[in-house]
Amino acid sequence: MSGLMELVILVPCCFFIVALIKFLYDYLWIPLRIQHILNSQGIKGPPFRFIHGNNKEIAKMKQEALGKPVAWTDDLFPRLQPHIYSWINRYGKNFVYWDGARAELVISEPELVKEVLKNSENIFQKVKLPEISRKLMGNGLAFTEGEKWAKYRKLANHTFHGESLKNMTPAMIASVETMLEKWKGQEGQEIEVFQEFRLLTSEVISKTAFGSSYLEGEKIFALLYKLKILVSRNMSKTTIPFINKLWKSADLLESEKLAKGIQDCVMKIVKKREDQVVNGEADSFGNDFFGLLVNAYHDLDEKNRLSLEDLVDECKTFYIAGQETVNSLLAWIVLHLAIHGDWQEKTRREVIDIFGNQNPHLEGITKLKTMAMVINETLRLYGPSNGLARTVAREVQLGKLFLLAKLDILPLNIGVHRDPHLWGDDVHLFKPERFADGIAKATNYTAAAFLPFGLGPRSCVGMTFATIETKIVLSMILQRYTITLSPAYVHSPILILTVRPQHGIQHMMNSQGIKGPPYKFIHGNNEEATKMRQEALSKPMALRHDIFPRVQPHIYTWINKYGRNYIYWNGIRAVLVISEPELVREVLKNNENIFPKKKPSIYFSNLLGNGLVLIEGEKWLKRRKLANHVFHGESLKNMIPAVIASAETMLEKWKGQEGKEIEVFQEFRLLTSEVISRTAFGSNYLEGEKILSMLKELSVIMSRNNFKTRIPLINKLWKPADMLRSEKLAKGIQDCVMKIVKKREDRVKKGEADSFGNDFLGLLVNSYHSKDNNSLSMEDLVDECKTFYFAGQGTINSLLAWIVLLLATHGDWQEKARREVINVFGNRNPDSEGISKLKIITMIIYETLRLYGPSNGLPRGVAREVQLGKLVLPSNIDLLVQNISLHHDPHLWGDDVHLFKPERFAKGIAKSTNYNAAAFFPFGLGPRSCIGMSFATTETKIVLSMILQRYTFTLSPSYVHSPMPIVDLQPQHGIQVMLESLHNND
């Protein structure tokens, strides 16, 4: 037995020792050996650091470089690649640095660059992409090798050269005409060209290569853009051994989801082509690039056939490369022509000389020599790529260097493009005349001195396509417009796969009259917002109802400074705040899913999961139908006895408290918890107590993390205490819900019940056990429970507390409400018929919701580029509909806007808002308005009626007015009132 025990201990120990040795060999011995071999050949560099290599230094340098304001200059190297710029100056043109445990040999000597890129023996292969990058580019033409690459290249050559390219010209011209038609009437106004060219180039590649339109491929572009952001922020991230095998980072999970979305979209377009052939609408899959791909996908010869994965990867490659490169190139050319008016005028004269007022044609395009010079100089200064990564397939001699197999090489085109030894002391100046006699003469016949599209057999197949499209677009613009730079322009090139202007969105919005606080690197305006909130909440507040400056001080300040609609930055995400009723109505009443619910933060997800509040599409419709059944009509009527019983329990506790102080916010917390537990979940407060307690803690965690910026890399390497705690609480809630579900299931199994019940939980459990398409997953069930426990308790808890405060300070309205209750019910308990007759209490509820509404903003996303009023919104912007601003707007409610005056609602909501639906929407507006609205108002009326039948109440002298936003609006120190019984003999 002891021998067996020894073996049990020895085997894992052996495995551990072997794994440790392998780990140290890969992550310490090999890097140190490579460093020694290269150092001995004169190749120096920053020292290797265990596991992370130089990634931490790189991340820090990039943050510092991008955080500094940049003067107008074309010397971009120190900003875009600060680590490489710094190390070239320190260690020489060729040096080695460490991407984690992998050595990266940077070369910027033209002879070595040429030798690597022109090699045709497959010694210097494309590098293996990190996992997230593979989701973006797949294994398409840009990264395949061998026979597969030759096959793909042949396909692409057929499309992007010769007659095929000539046939694309009309589609390019038509797309440019559409853009220019939009520009009419914009003369003298600011326009953000990067965004304009993004739409244009997306349309062009969609039409020419995929035979569709931007709208058809719009979802693919949106998903690819999100993937690009993920790839960009994971560029200098260290893959930590073992840990990355055990769990996937949030970015990796998101990238997999996006890649799957792209595949689904591509397959829909494939299906459309296939259906056209099957239905006899077309006799082939088409002669464009996409048609050739689909044809290869159906090829009977297995050798030539493309797999589904190959087809999708090629589509991704050409969607990105065909749009991204030309988009950036056009934007940077327009910038330079706007600054260098002499070159703009020279280029315009050339265009007019060749085309006059006619549209460009291929014969004339080849004659645009001045424009070619401008394009080449822009490509030199703002080239689409800053490095052409390769890996060494086997040991090889490169120049005088001996290189080991599996060493990565980075031929640095930004290095050679900005080398004063190659281009002269004016290397950082925009001087197109360098290329007057062609590229060869400009580079003194050094092939590797200018390589914006690569060099050798792997040079970019779309180079001719890109230059023709660029020439057509520029020609058509110059025929119609002169261009100058707006004073609002901030020079801030940033590297996100290609070099692009950082502040595209901000300037797009600014150009439409939407201003806001300036973007600050990484944090956006979060630090300012946090500081303003801390200052506002720390100040004492008099008992008044002008709460906007206290609960949302940043929004209050910026609305007053920048107007009702403005833009601010939540980290790197642009948020457009809107508080104009017309725009609010357009957003919230839209039923085409253009303004979907915004993707929640991790903390919000842990609080409410993916329940009814956040889901979209079919899933939302199914859940909404479930909830409608419970919270309306007969079901709602059947809840009244449970609400009354819960209120009676609370009021029984209040007996003997007459003349004493009572804290009603806490009292109502227990009451509303009991009510939602009974009515929706068929249990009681004690059974749901643990869930509600954990939800309360989660809401506090979420509130304090509202304006904390999640810094790239850092948040991927470690989780803060709040995140760990929120995950633990979310798991705890799931366990509690499962216990309640198990109890229901056991009752049915034991024959104590013949169904899971007709309350909300019963319908959820029934759907969970359903075998059809309407079934819920366990995660769905738990998320819905969280949503309704939280919303069904928190909203009514706060509403009741604020009403009691207002009635305690406005005795006249308390007395009016009491008289109405006595007139309708006498001393009887409320009933559904009488509840509908409580007009004064309804007015009081509405006025309280206006002053102390449960929500202070309704966030939305923008699913695709869309027109909102007169604004054009890009798809990568968030919206925040500001109901607190509208509810406290003197233009809508008059100068007495901050006074408690329920008489505003005497003739109903429509009359009080002058029939402006978006002036008052405490429970939202349109198809996504709160489903529990009737439940909340019914419960509120019952509880208030029963209190008013028994007590008068005044405000305690100890009350401190301190409204505080914690998901909903709560009194920070509670609400203390003094009770007096109306029935002293009781």
Side-chain angles (χ1 to χ4, degrees), residues 45 58 61-62 64-66 68 70-97 104-114 116-117 235 325 328-329 331-333 335-336 339-340 343 372-390 409-436 438-455 459-460 491-502:
I58 293 169
M61 285 193 225
K62 281 184 174 179
E64 287 175 357
L66 291 173
K68 292 173 186 171
V70 58
W72 166 248
T73 173
D74 292 321
D75 183 9
L76 306 183
F77 197 0
R79 176 180 170 84
L80 298 177
Q81 301 272 36
H83 55 299
I84 291 177
Y85 176 80
S86 174
W87 291 332
I88 278 180
N89 287 329
R90 188 170 179 182
Y91 300 112
K93 283 185 169 183
N94 309 317
F95 69 91
V96 65
Y97 78 95
E104 192 92 31
L105 176 62
V106 176
I107 56 172
S108 50
E109 281 186 9
E111 300 75 20
L112 300 186
V113 170
K114 180 181 173 183
V116 168
L117 298 181
M235 278 290 185
T325 307
S328 295
L329 176 57
W332 293 123
I333 290 174
L335 170 71
H336 282 93
I339 293 166
H340 302 278
W343 280 102
M373 290 155 58
V374 169
I375 290 171
N376 286 336
E377 180 67 343
T378 307
L379 285 168
R380 184 184 71 80
L381 292 169
Y382 293 79
S385 163
N386 290 304
L388 304 162
R390 297 289 189 271
I409 299 179
L410 185 63
L412 198 67
N413 45 1
I414 192 173
V416 293
H417 288 178
R418 292 170 181 279
D419 188 340
H421 299 100
L422 295 170
W423 298 95
D425 293 336
D426 57 1
V427 65
H428 301 307
L429 300 182
F430 176 75
K431 297 184 76 173
E433 60 265 33
R434 301 178 204 278
F435 293 94
I439 293 171
K441 200 80 185 286
T443 59
N444 200 19
Y445 301 96
T446 306
F450 182 67
L451 52 149
F453 292 101
L455 191 66
S459 60
C460 176
H491 193 50
S492 55
I494 190 170
L495 188 61
I496 303 178
L497 291 194
T498 58
V499 182
R500 58 170 61 199
Q502 184 178 2

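Heavy-atom minimum distance, H417 versus L451: NE2-N, 2.9 Å. Shortest non-hydrogen contact noted between R434 and D426 is NH2-O, 2.6 Å. Across every non-hydrogen atom of E433 and M373, the tightest pair is CA-CE, 3.8 Å. Between L455 and A447, the shortest heavy-atom contact is CD1-O, 4.0 Å. Residues S108 and I88 share a closest heavy-atom pair of OG-CD1, 3.9 Å. The two atoms that bring P452 and L379 nearest to each other are CB-CB, 3.8 Å, heavy atoms only.
Rounded to the nearest 0.5 angstrom, L105 CG and N94 CG are separated by 6.5 Å. Here the straight-line distance linking atom NE2 of H340 with atom CG of L429 works out to 8.0 Å at 0.5 Å rounding. Here OH of Y85 is found 14.5 Å from CZ of R90. Values are rounded to the nearest 0.5 Å. Separation of atoms CD1 (I58) and OH (Y97) is listed at 5.0 Å; rounding is to 0.5 Å. From I439, atom CD1 reaches atom CG of N376 across 4.5 Å, with rounding to the nearest 0.5 Å. Between I333 atom CD1 and F430 atom CZ the span is 8.0 Å, to the nearest 0.5 Å.
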TODO: Check the pair V427, H421 against side-chain contact (heavy atoms from CB on, under 4.5 Å), reporting the backbone distance first and the verdict last.
DONE: CA-CA 9 Å; V427 65; H421 299 100; over 6 Å; no
TODO: Would you check, one step at a time, whether the test side-chain contact (heavy atoms from CB on, under 4.5 Å) holds for F453 with T325?
DONE: CA-CA 10 Å; F453 292 101; T325 307; 4.0 Å; yes
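Partners of V96 by side chain to side chain contact (heavy atoms under 4.5 Å, CB included), not counting sequence neighbours, listed by chain and number: L38, I43, A103. Take K114 and apply the salt bridge (charged side-chain N to carboxylate O under 4.0 Å, His left out) test, not counting sequence neighbours, and it matches no residue.
In this structure, the side chains of T378 and L329 come closer than 4.5 Å at one or more pairs of heavy atoms. Counting heavy atoms from C-beta on, the side chains of I84 and L410 come closer than 4.5 Å. Taking the side chain as every heavy atom from C-beta outward, K93 and L112 never approach each other to under 4.5 Å. Counting only heavy atoms from C-beta outward, the side chains of T443 and L422 never approach each other to under 4.5 Å. V374 places none of its side-chain heavy atoms less than 4.5 Å from the side chain of H336.
By the neighbour-count criterion of 12 heavy atoms within 6.0 Å, atom CG of D425 is sparsely surrounded, having that number or fewer from other residues, nucleotides or ligands.
The aromatic rings of W423 and F450 lie perpendicular to each other, with more than 60° between the two planes, well past the 30° mark.
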